[in-house]
Number of protein chains: 2
Amino acid sequence: MAGRRGQATRQKLLTCLDEMLSSSPYRDVRVIDVARRAGTSPATFYQYFPDVEGAVLELADEMARESSSLSELATDRTWTGKAGWQTAEEVVDGLLSFWRENDAILRVVDLGAAEGDKRFSKIRAKVLGGITGPLADSIGKLQSKGKADSDISPAAVAGSLVSMLTSVAGQQKAAQSWGAKKSDLKPNLAYLLYLGVTGRKPSR
Amino acid sequence: MAGRRGQATRQKLLTCLDEMLSSSPYRDVRVIDVARRAGTSPATFYQYFPDVEGAVLELADEMARESSSLSELATDRTWTGKAGWQTAEEVVDGLLSFWRENDAILRVVDLGAAEGDKRFSKIRAKVLGGITGPLADSIGKLQSKGKADSDISPAAVAGSLVSMLTSVAGQQKAAQSWGAKKSDLKPNLAYLLYLGVTGRKPSR
DNA sequence: CGGTAAGCTGACGACATGACAGGACAAGTA
DNA sequence: TACTTGTCCTGTCATGTCGTCAGCTTACCG
């Protein structure tokens with residue numbers, strides 16, 4: 001619906017919005033500030049987006065598309081022995097770095113979803129689903145082989161574990177407040193993940 | 001600093017703000033709406049609070065004070081055998097209901113903390129600390145008795161587990177999206193909590 | 001009752017929002 | 001180069017919120 005030049009300014013507005021979200025509270029992000037930063041006027045912003053929230057949804061959509069790479073972290077992976085421990089470490093690593101790269105927009109998506117906005121919930125479900133799905137599969141397979149507790153719900157356990165990882169990822173600065181060293185975080189998350197999936201302590 | 005009548009309108013403004021936060025997105029909560037709902041004028045609002053955020057901090061402080069009851073859930077509790085399973089169930093239950101009762105304000109506190117606002121981080125630390133502290137103690141004690149893995153960090157594990165519980169609590173509506181029944185949630189959270197604290201599967 | 005202080009509000013300048021009409025600009029044509 | 005065309009951008013305006021102040025109202029006390 002827009003030409004080459006139009007696409008460029010539209011993209012620039014999105015980029016500036018993203019920067020804005022990283023540097024100031026969501027509540028205080030104003031159309032006029034985004035427009036100024038992009039070297040354009042508020043009227044231009046409204047030509048491409050209904051409001052700030054609308055533009056944020058675009059950013060979130062883009063992020064959700066990129067998040068498909070997350071599912072590779074957990075699909076068709078083994079969860080036994082040392083290889084299983086490595087799987088856990090890689091999932092933790094992958095999630096944490098994805099969250100670090102997209103923390104601003106993920107924060108807003110989380111808020112929107114928590115407030116009950118279906119559009120944000122859907123995006124959040126897509127991002128998390130990329131991980132919880134394969135994880136739940138793995139747990140299910142372990143169950144059918146008798147290698148995991150049979151009276152747990154793979155979906156609930158996988159969802160809860162992923163919630164743990166993303167929540168910690170989103171509040172990484174807060175980690176020190178509860179008295180844990182920053183370097184402790186990753187290995188202990190991997191430990192809990194392995195434990196949750198397999199029901200056993202990891203053999204490192 | 002204020003007489004009887006002043007305290008009353010101040011409190012009324014806070015109550016209305018809380019209702020506002022429950023019913024509309026944080027981003028859209030306006031001083032004028034809060035004032036109108038409280039049957040007063042915007043100018044009155046500014047007499048008691050510097051802005052919406054300032055009033056939210058008051059609400060959050062109040063909530064943090066009430067959260068001290070949470071620490072009783074996890075202090076001096078046993079984590080062995082069936083009694084341990086009951087401990088886990090009660091911690092999950094207590095946290096989930098506290099979150100359900102205060103979801104609106106907790107949402108905003110989480111956002112503020114994630115955005116790096118020290119005032120919100122402090123409040124969040126106080127609320128979570130009431131649970132993570134005792135939990136970490138329990139894990140430490142189990143460790144010294146040789147009943148838990150010795151190369152984990154009690155603080156990191158406790159913090160991560162509490163993050164999991166609060167994150168799931170804050171997105172309860174989303175739980176169905178990952179394909180788990182609502183009734184599955186609590187027992188599976190208790191399972192993961194028990195597993196994380198003790199390193200063993202629960203004996204129910 | 002009358003006086004005093006605490007509490008509330010109308011009104012105002014400044015600023016953000018969102019809509020429109022018309023101006024600026026790139027690209028193609030002669 | 002001058003002209004045309006369609007896309008893209010912005011000046012401007014009505015509306016509404018923000019945050020402040022002077023002044024009015026209310027409650028309380030002697």
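Every chain is numbered from 1, with letters handed out A, B, ... down the list of sequences.
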request  = Assess whether salt bridge (Lys or Arg N to Asp or Glu O under 4.0 Å) is satisfied between Arg107(B) and Asp103(B), documenting all intermediate values.
outcome  = CA-CA 6 Å; Arg107(B) 225 151 48 202; Asp103(B) 65 332; 3.7 Å; yes

ask   = Rounded to whole angstroms, how far apart are CG on Asp51(B) and P on dT17(D)?
value = 17 Å

task = Verify the contact: side-chain N or O of Thr44(A) to OP1 or OP2 of dC8(D), cut-off strictly under 4.0 Å; return yes or no.
result = no

message = Rounded to whole Å, how long is the line connecting atom CD of Glu53(B) with atom P of dC18(D)?
response = 14 Å

Sort me out a list of protein N/O and nucleotides 26-30 of chain D N/O pairs below 3.5 Å, or just none if empty.
from: dC28(D); atom 1: OP1; to: Arg4(B); atom 2: NH1; distance (Å): 2.9
from: dC28(D); atom 1: OP1; to: Arg4(B); atom 2: NH2; distance (Å): 3.2

ask   = Hey, is Glu53(B) close enough to Arg27(A) for a salt bridge, meaning N to O under 4.0 Å?
value = no

Rounded interatomic separation in angstrom, taking CZ from Phe49(B) and C1' from dC18(D) = 17 Å

remark   = Separation of dA11(C) atom C1' from Tyr46(B) atom OH, nearest Å, is 15 Å

query = Is it true that Lys186(A) and Glu89(A) make a salt bridge, defined as a side-chain N closer than 4.0 Å to a carboxylate O?
reply = no

ask   = Distance only, no hydrogens: is a donor on one side chain within 3.5 Å (strictly under) of an acceptor on the other, for Gln11(A) and Gln7(A)?
value = no

ask   = Taking CZ from Arg27(B) and C1' from dC18(D), how many angstroms apart are they, rounded to a whole number?
value = 15 Å

message = Please list, in numerical order, the residues of residues 30-43 of chain A that have a heavy atom closer than 4.0 Å to any atom of DNA chain C.
response = Arg30(A), Val31(A), Ile32(A), Ala43(A)

inquiry  = Expressed as a whole number of angstroms, how long is the span from Phe45(B):CZ to dG7(C):C1'?
reply    = 17 Å

inquiry  = So Tyr48(A), base contact, sugar-phosphate only, or nothing? Heavy-atom distance under 4.0 Å.
reply    = sugar-phosphate

query = Applying the side chain to side chain contact (heavy atoms under 4.5 Å, CB included) test to Leu161(A), which of Thr166(A), Val197(A), Leu189(A), Thr132(A) qualifies?
reply = Val197(A)

Side-chain N,O (Thr9(A)) to OP1/OP2 (dC9(D)) below 4.0 Å = yes

ask   = Is it true that Asp33(A) and Arg37(A) make a salt bridge, defined as a side-chain N closer than 4.0 Å to a carboxylate O?
value = no

request  = Send over the distance from Arg10(B) CZ to dC8(C) P, rounded to a whole Å.
outcome  = 12 Å

message = Could you tell me if the side chain of Val168(B) sits less than 4.5 Å from the side chain of Met164(A), heavy atoms only?
response = no

query = Heavy-atom distance under 4.5 Å between the side chains of Arg200(B) and Trp79(B), does that happen here?
reply = no

key: Nearest-angstrom distance from the residue atom CD of Gln47(A) to P of dA21(C)   = 13 Å

Return a table of donor-acceptor pairs under 3.5 angstrom between the side chains of residues 65-74 of chain B and protein atoms on other chains or two or more places apart.
from: Ser67(B); atom 1: OG; to: Ala64(B); atom 2: O; distance (Å): 2.6
from: Ser68(B); atom 1: OG; to: Arg65(B); atom 2: O; distance (Å): 3.1
from: Ser69(B); atom 1: OG; to: Glu66(B); atom 2: O; distance (Å): 3.1
from: Ser71(B); atom 1: OG; to: Ser68(B); atom 2: O; distance (Å): 2.8

